[in-house]
Colleague: 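Got a structure for you, written out below as structure tokens; questions coming shortly.
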Amino acid sequence: SATFDVASVFRLRRDGRLETGGARTFDVGHAVAPDAGERLALALPGGARVILGDDDVVEVACDGIEGDGCARAALALTHGEAIVSVGDATTGGAVLLLPGAGRLEVTAGAVHVALGVAAVAEVALRADGRVRFSAPGTAAREWAGPGRLTLHEGAGDWDGSSAAAASLFR
């Protein structure tokens with residue numbers, strides 16, 4: 001079974017202390033979440049960061065077709081929200097698996113992903129944000145910011161206004 005590598009972990013404690021941890025490898029099924037009142041940033045190999053706040057949870061999950069033996073792993077957003085930032089030095093972007101919605105790959109810039117009810121995810125893209133979305137049985141689609149994307153049942157509804165993007169980046 002695949003594992004998921006993290007280059008380092010940054011934890012902002014409630015008292016304002018910043019703790020830095022080294023490289024880690026997580027097995028499929030491992031949940032990652034900050035403690036109450038804290039923020040957590042996972043620095044991925046290549047430079048991307050996944051930032052979680054209070055009540056946000058990601059879990060390491062298989063990224064691929066069922067039955068492929070789990071050749072690769074990715075982070076699945078299982079509760080709450082995440083900010084994903086992909087800088088210029090990043091190669092390959094960062095992937096978030098979304099429950100009931102599909103696979104979101106952040107290929108550039110910064111995006112904010114918030115899970116809603118009934119397998120809906122809201123995605124705000126800053127002006128530099130670019131994403132690729134795919135779901136089983138559908139062709140991959142790409143969007144560039146600024147804008148707001150609503151993902152549901154393998155489909156995406158797009159609002160390309162900067163005001164829509166700002167609504168999740170607050």
Side-chain angles (χ1 to χ4, degrees), residues 2-10 23-26 28 32 39-53 56-65 68 70-116 119-170:
T3 58
F4 188 81
D5 293 326
V6 174
S8 57
V9 177
F10 301 92
R24 296 192 182 162
T25 299
F26 297 119
V28 169
V32 179
R39 296 226 179 256
L40 185 72
L42 303 174
L44 307 183
R49 295 200 192 292
V50 177
I51 302 163
L52 305 171
D56 303 331
V57 180
V58 292
E59 183 176 306
V60 178
C62 288
D63 179 16
I65 301 168
D68 73 354
C70 194
R72 65 180 181 232
L75 294 176
L77 183 60
T78 59
H79 188 265
E81 306 175 13
I83 293 175
V84 181
S85 176
V86 176
D88 293 335
T90 304
T91 57
V95 171
L96 270 185
L97 305 176
L98 305 173
R103 181 182 194 272
L104 184 72
E105 181 179 358
V106 180
T107 57
V111 303
H112 182 173
V113 182
L115 293 181
V120 172
E122 296 287 340
V123 181
L125 287 78
R126 288 192 177 168
D128 63 349
R130 296 183 67 79
V131 297
R132 180 181 304 116
F133 174 72
S134 57
T138 65
R141 294 184 61 195
E142 295 186 21
W143 289 273
R148 185 172 180 155
L149 179 61
T150 302
L151 300 172
H152 54 89
E153 299 175 359
D157 300 325
W158 177 250
D159 179 346
S161 71
S162 57
S167 65
L168 277 177
F169 278 105
R170 45 185 185 294

Colleague: What closest approach, in Å, do Cys62 and Leu97 show between heavy atoms, and which atom pair accounts for it?
Modeller: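 In terms of heavy atoms, the two residues are closest at O-CD1, 3.4 Å.
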
Colleague: Arg49 versus Phe10: any side-chain heavy-atom pair under 4.5 Å?
Modeller: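 Counting from C-beta outward, Arg49 and Phe10 do come under 4.5 Å.
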
Colleague: Could you list the residues that satisfy salt bridge (charged side-chain N to carboxylate O under 4.0 Å, His left out) with Arg132, not counting sequence neighbours?
Modeller: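 Scan of Arg132 (salt bridge (charged side-chain N to carboxylate O under 4.0 Å, His left out), adjacent residues dropped) gives Glu105, Glu142.
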
Colleague: Which pair of non-hydrogen atoms, one from Val86 and one from Gly93, has the smallest distance, and what is that distance?
Modeller: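 Result for this residue pair: CG1-CA, 4.1 Å.
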
Colleague: Between Leu104 and Val95, is any pair of side-chain heavy atoms under 4.5 Å apart?
Modeller: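 Of all side-chain heavy-atom pairs linking Val95 with Leu104, none is under 4.5 Å.
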
Colleague: Just checking, any donor-acceptor pair under 3.5 angstrom between side chains of Glu59 and Thr78?
Modeller: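 Thr78 and Glu59 do not have a side-chain donor-acceptor pair below 3.5 Å.
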
Colleague: Out of curiosity, Phe133 CZ to Leu98 CG, how far, rounded to the nearest 0.5 Å?
Modeller: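 If I round to the nearest 0.5 Å, the distance is 6.5 Å.
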
Colleague: If you take all heavy atoms of Ala43 and Val6, which pair is closest and at what distance?
Modeller: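 So the minimum-distance heavy-atom pair works out to O-CG1, 3.4 Å.
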
Colleague: Which atoms form the tightest heavy-atom contact between Asp128 and Ala110, and what is the distance?
Modeller: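 Heavy atoms only, the tightest pair is OD1-N, 3.5 Å.
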
Colleague: For Val28 versus Ala2, what's the shortest heavy-atom pair and its separation?
Modeller: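 Smallest interatomic distance, heavy atoms only, reads CG2-O, 3.2 Å.
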
Colleague: With side-chain contact (heavy atoms from CB on, under 4.5 Å) as the criterion, how do Leu149 and Val131 come out once you've worked through the C-alpha distance, each side chain's angles and the decisive distance to 0.1 Å?
Modeller: CA-CA 10 Å; Leu149 179 61; Val131 297; 4.2 Å; yes

Colleague: Salt-bridge test for Asp63 and Arg72: reply yes if a basic N is under 4.0 Å from a carboxylate O, no otherwise.
Modeller: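 Counted as a salt bridge, because a side-chain N and a carboxylate O are separated by less than 4.0 Å.
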
Colleague: Minimum heavy-atom separation for Leu44 to Ala94, with atom names?
Modeller: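 Answer, listing the atom of Leu44 first, then Ala94: CD1-CB, 4.0 Å.
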
Colleague: Tell me, please, which residues at least two apart from Phe26 pass ring-ring contact (aromatic ring centres under 6.0 Å, His included).
Modeller: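 Per chain and number, Phe26 pairs via ring-ring contact (aromatic ring centres under 6.0 Å, His included) with His30.
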
Colleague: When you measure from the side chain of Asp56 to the backbone N and O of Glu81, does any donor-acceptor pair fall under 3.5 Å?
Modeller: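 A pair under 3.5 Å: yes.
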
Colleague: Hey, are the side chains of Val58 and Leu52 touching, using non-hydrogen atoms and a 4.5 Å cut-off?
Modeller: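 Side chain of Val58 against side chain of Leu52, heavy atoms only: contact under 4.5 Å found.
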
Colleague: Between CD1 of Ile51 and CG of Leu40, what distance do you get to the nearest 0.5 Å?
Modeller: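 If we round to the nearest 0.5 Å, Ile51:CD1 and Leu40:CG are 9.5 Å apart.
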
Colleague: For the side chain to side chain contact (heavy atoms under 4.5 Å, CB included) test, which of Val111, Leu125, Thr107 pairs with Arg130?
Modeller: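 Only match with Arg130 under side chain to side chain contact (heavy atoms under 4.5 Å, CB included): Thr107.
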
Colleague: Walk me through whether Leu42 and Leu75 qualify under side-chain contact (heavy atoms from CB on, under 4.5 Å).
Modeller: CA-CA 11 Å; Leu42 303 174; Leu75 294 176; 4.0 Å; yes

Colleague: Taking the side chain as everything from C-beta on, heavy atoms only, tell me whether Leu151 gets closer than 4.5 Å to Glu122.
Modeller: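 They are not in side-chain contact.
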
